[in-house]
J.: 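Structure in structure tokens, see below.
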Amino acid sequence: MFTYIIRRILYMIPTLFGITLITFLIVNLAPGEPAALDASKMNPNISAEDIEKLRKIYDLDKPVMYRYFKWLKKILTLDFGESFKDGRKVLDKIAERIPNTLILNILAIIVSFAIGVPLGIMAAVWRNTWFDKITTVLVFIGYSLPGFWFALMLILVFGVKLGWLPISGIHTIGAEEWPFWDRFIDLLKHLVMPVIVFSIGSFASLSRYMKMSLLDVINQDYVRTARAKGVPEWKVIYWHALRNALIPIVTLFGFMLPGLIGGSFIIETIFGFPGMGRLGYDAIMNRDYPTIMAISVIVSFLTLLGNFLADVLYALVNPTIRYE
Amino acid sequence: MVAEKAKNEVNKKYAHRTYFQMVTRRFFRNGVAVTGFIIVASLILVAIFAPYIATHDPIATNPDESLQPPSAKHWFGTDQLGRDVYSRIVYGARVSLFVGFISTGISVTIGIIIGSIAGYYGGWIDDLISRFIEVMMCFPTFFLILTIMAFFKPSIWTVLVVIGITSWTGVARLIRGQILQVKEMEYVQAAKTLGMSDARIIFRHILPNAITPVLVSATLSIGGAILTETSLSFLGLGVQPPNPSWGNILSDGQQFIQTAWWLSTFPGIAIFLAVLGYNLMGEGLRDALDPKLK
């Protein structure tokens, strides 16, 4: 097990290298130049020499590979440089956004597990009944629903028509002065709609996954044996079958890691939610190279790490797997 | 031949039916599949016959009739420039289906070629390709597409090429796995012994036996591509106005959400139905093609 983990970690290094290389090449070989440079070209008071000076500052006069290795050396010490947009450190900008995205996604994961897992179990236990059929329809609707449209519909109904919920941001302007509980309620109100939008897709795939997994286990020999020796049906399901059916669900936590930190570009933009996704969208719109590259590398790395964690978790909870 | 004979005996009951007939039969007996098929077929018909179905010119503006609610004249109301939303949605079906089909065509072609090379040749070629796929799969796809789109002049062509070249990894993996499975089977060995070329073995003998899961994944990815196109157009990085796309109508809808509910409601229903249709059809195909159910 220990050697397996070490081997997997070593195996991640070349992939990580590939991630940084492709990120850098896409951003730097693309046509056009950073917005800051574009803007200065528009300015008639800036001479050609000044623009050359700016290009030197950004190293745009050097070959691509030179810039790549310089950048790589910096990001190995977690230095992602300064934003082209406002000159602040990219890492600071990211750090202040992570808590917002994190709280939103943790709530969404809790909601989708709380609904998706029981729904999947019930659909498996009562398979081919009307309950199973309705769940199947709900699941299909859930993962075909375009998140950004669903978000607009929630805003339309609960924000505009009924006026129950705030439609944008994370707190009401001026809320800093309010007492703690009012601020807390205010935060929750802002989170309700984004959380619903984030949960709807994942609850659907989760319940489907849970159902499949439980159906797989129910047909195993040891479940038949348990039934044959007279174990009551509820105990067969919730004691013998469910424990094993939950094994693949555990690995899903690994796959959720990148979304947990990376957020969603389009939904956060719609709700004006100050999270990582919104930061990424703004960075792209401003051609803020350092921020784009930082987000791309961080989220890709988290995906890699998530896959790794999923494998390790799977090995940990499933004693039948041995890695030698 | 021996294997063929055994198969024939097993299927004696169905001897009068070809494989294709059996698959179609299973497909059309499945409620999920038929629902998906009806939705997709209607969308394709709407796209083809758009000029006959639409009631107005989708691009013609009419300042006197801006932001009107649904009425007998404008079934889904009008937008801020007085354009008929119903007609724009009808024409938008063309854009979405076009992007869905072409970009999936591109990604499936790339996926099949790269996956076949990796699976068939193995060794260091496979290592290199698999590594590359692994790297590609780590990227947040939508962010990658957004980044690339932001650098180019957005148009329907850039949209479909960018979606195509960023979403081939799944198919490549599928094909690679399938080829690894069938590569060692007797009929492939026999073809090799007969001195056939690699390309002929791959395309004539291996791929037809490996293609079924690709068909399912392609159907599902048309739905995914439509979702990506509408998202991009929604953010202003896809199909550009005045050309109608469900995504850019929805973006007008967001702008006028306080006053014009119809502008954000109807295009979204269209996107939802299209994606749902392809998802249901993909599921139905999976069940119909699954040899375990035979």
Side-chain angles (χ1 to χ4, degrees), chain A residues 11-12 14-23 26-27 29-32 133 136-137 140-141 143-153 155-157 159-161 167 258-259 262 264-266 269-270 277 280-281 283-287 292-293 295-296 299-307, chain B residues 31-32 35-36 39 127 131-153 223 226-228 230-232 234-237 246-247 250-251 253-254 257-265 267-280 283:
Chain A
Y11 198 73
M12 278 161 64
T15 311
L16 203 55
F17 188 72
I19 287 172
T20 60
L21 184 64
I22 291 180
T23 299
I26 286 177
V27 172
L29 292 182
K133 285 186 179 124
T136 310
V137 172
F140 270 117
I141 291 177
Y143 71 59
S144 303
L145 209 57
F148 61 110
W149 175 60
F150 187 54
L152 285 180
M153 289 298 99
I155 289 177
L156 186 65
V157 174
V160 177
K161 296 280 176 217
I167 61 174
S264 157
F265 305 103
I266 191 161
T269 307
I270 291 178
Y281 176 74
I284 287 175
M285 288 308 172
N286 291 308
R287 292 209 181 160
I292 295 177
M293 293 193 289
I295 291 177
S296 177
V299 176
S300 309
F301 172 66
L302 289 171
T303 311
L304 190 65
L305 195 69
N307 294 347
Chain B
V32 167
T35 316
I39 296 176
D127 281 345
R131 260 309 154 73
F132 183 63
I133 292 178
E134 207 172 296
V135 170
M136 287 294 290
M137 281 187 148
C138 282
F139 278 106
T141 315
F142 191 65
F143 187 65
L144 188 69
I145 293 176
L146 266 185
T147 310
I148 301 176
M149 286 305 298
F151 288 122
F152 293 96
K153 203 168 152 260
I226 291 177
L227 201 57
T228 310
T230 48
S231 309
L232 285 171
F234 177 75
L235 292 173
L237 290 171
W246 296 337
L250 207 51
S251 131
Q254 185 190 19
I257 198 156
Q258 305 275 358
T259 48
W261 59 269
W262 54 91
L263 209 47
S264 47
T265 307
I269 293 176
I271 302 173
F272 169 59
L273 281 179
V275 177
L276 182 70
Y278 280 103
N279 281 348
L280 293 175
E283 281 308 308

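Please read all numbers here as calculations on a predicted model, not as lab measurements. Labels below follow one simple rule: chain letters A, B, ... track the order of the sequence lines, proteins then strands, and each chain is numbered from 1.
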J.: With a 4.5 Å heavy-atom cut-off, do B:I271 and A:F148 have their side chains touching?
T.: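 SC-SC contact between B:I271 and A:F148 confirmed.
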
J.: Let's go through A:Y281 and B:L235 carefully: what are the C-alpha distance in whole Å and the side-chain angles of both, what is the deciding distance for side chain to side chain contact (heavy atoms under 4.5 Å, CB included) to 0.1 Å, and is it a yes or a no?
T.: CA-CA 10 Å; A:Y281 176 74; B:L235 292 173; 3.7 Å; yes

J.: Under 4.5 Å heavy-atom distance to chain B, tell me which part of A:L302 shows up: side chain, backbone, both or neither.
T.: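 No part of it gets close to chain B.
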
J.: B:L273, B:I148, B:L280, B:L237: which one forms the most heavy-atom pairs within less than 4.5 Å of chain A?
T.: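 If we count pairs closer than 4.5 Å to chain A, B:L280 comes out on top.
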
J.: I need the A:I292 CD1 to B:L144 CG distance, nearest 0.5 Å.
T.: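 Answer rounded to 0.5 Å: 11.0 Å.
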
J.: Measuring heavy-atom distances to chain A, does B:F152 have an atom under 4.5 Å in its side chain, in its backbone, in both, or in neither?
T.: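 Contact with chain A: side chain only.
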
J.: Where on A:Y143 is there a heavy atom nearer than 4.5 Å to chain B: the side chain, the backbone, both, or neither?
T.: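 For A:Y143, the contact with chain B is made by backbone and side chain together.
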
J.: Where does A:T136 contact chain B at under 4.5 Å (heavy atoms): side chain, backbone, both or neither?
T.: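 For A:T136, neither part sits under 4.5 Å from chain B.
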
J.: For B:S231, give me all partners under side chain to side chain donor-acceptor pair (under 3.5 Å), at least two apart in sequence or on another chain.
T.: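 B:S231: no side chain to side chain donor-acceptor pair (under 3.5 Å) contacts found.
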
J.: What part of A:Y11 gets closer than 4.5 Å to chain B, counting heavy atoms only: side chain, backbone, both or neither?
T.: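 Both backbone and side chain of A:Y11 come within 4.5 Å of chain B.
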
J.: Just jot down the side chain to side chain donor-acceptor pair (under 3.5 Å) partners of B:T265, sequence neighbours excluded, or say none.
T.: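 Expected list: none.
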
J.: So which atom in A:F265 and which in B:L146 form the shortest heavy-atom distance, rounded to 0.1 Å?
T.: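 In this case the closest contact between A:F265 and B:L146 is CB-CD1, 4.3 Å.
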
J.: Would you call B:F139 and A:I26 a side-chain contact if the rule is heavy atoms closer than 4.5 Å?
T.: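 Of all side-chain heavy-atom pairs linking A:I26 with B:F139, none is under 4.5 Å.
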
J.: Go through the atoms of A:I141 and report whether side chain, backbone, both or neither lie under 4.5 Å from a heavy atom of chain B.
T.: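 Interface part for A:I141: both.
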
J.: Using a 6.0 Å distance limit plus a 45 degree cone around the ring axis, check whether A:R287 lies over the aromatic ring of B:F151.
T.: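 The answer is no, since A:R287 fails at least one limit relative to B:F151.
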
J.: Measure across B:P140 and A:S300 and return the closest heavy-atom pair with its distance rounded to 0.1 Å.
T.: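 Closest approach of B:P140 to A:S300, heavy atoms only: CD-OG, 3.5 Å.
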
J.: Which one of B:M149, B:Q258, B:R131 has the most heavy-atom pairs closer than 4.5 Å to chain A?
T.: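 That would be B:R131.
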
J.: Go through A:L16, A:L21, A:T23, A:N307 and name the one with the most non-hydrogen pairs under 4.5 angstrom from chain B.
T.: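 If we count pairs closer than 4.5 Å to chain B, A:T23 comes out on top.
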
J.: Treating A:W149 as the side-chain partner and B:G247 as the backbone partner, does any N or O pair qualify as donor plus acceptor under 3.5 Å?
T.: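 No: the side chain of A:W149 does not pair with the backbone of B:G247.
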
J.: Quick one, B:M137 and A:T15 - any side-chain contact, counting heavy atoms below 4.5 Å?
T.: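 No; the side chains remain at least 4.5 Å from each other.
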
J.: Please classify the contact of B:T230 with chain A as side chain, backbone, both or neither, using a heavy-atom distance under 4.5 Å.
T.: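 Contact with chain A is through both the backbone and side chain of B:T230.
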
J.: Given that the side chain runs from C-beta out, which part of A:P146 has a heavy atom under 4.5 Å from chain B: side chain, backbone, both or neither?
T.: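 For A:P146, heavy atoms of backbone and side chain both lie under 4.5 Å from chain B.
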
J.: Only pairs of heavy atoms separated by less than 4.5 Å count here; which of A:L152, A:T303, A:I295 has the most with chain B?
T.: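 Top count of heavy-atom pairs under 4.5 Å with chain B: A:L152.
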
J.: Hey, which of B:F142, B:F234, B:W261, B:F132 has the most heavy atom pairs under 4.5 Å with chain A?
T.: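 Most heavy-atom pairs under 4.5 Å with chain A: B:F234.
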
J.: Side chains of B:V135 and A:F17: does their closest heavy-atom pair fall under 4.5 Å?
T.: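 No, their side chains stay 4.5 Å or more apart.
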
J.: Using a 4.5 Å cut-off on heavy atoms from C-beta on, say whether the side chain of A:L156 contacts that of B:S264.
T.: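 Heavy-atom side-chain distance check passes, below 4.5 Å.
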
J.: Among the options B:I257, B:I269, B:V275, pick out the one with the most heavy-atom pairs lying under 4.5 Å from chain A.
T.: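 Option with the top pair count is B:I257.
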
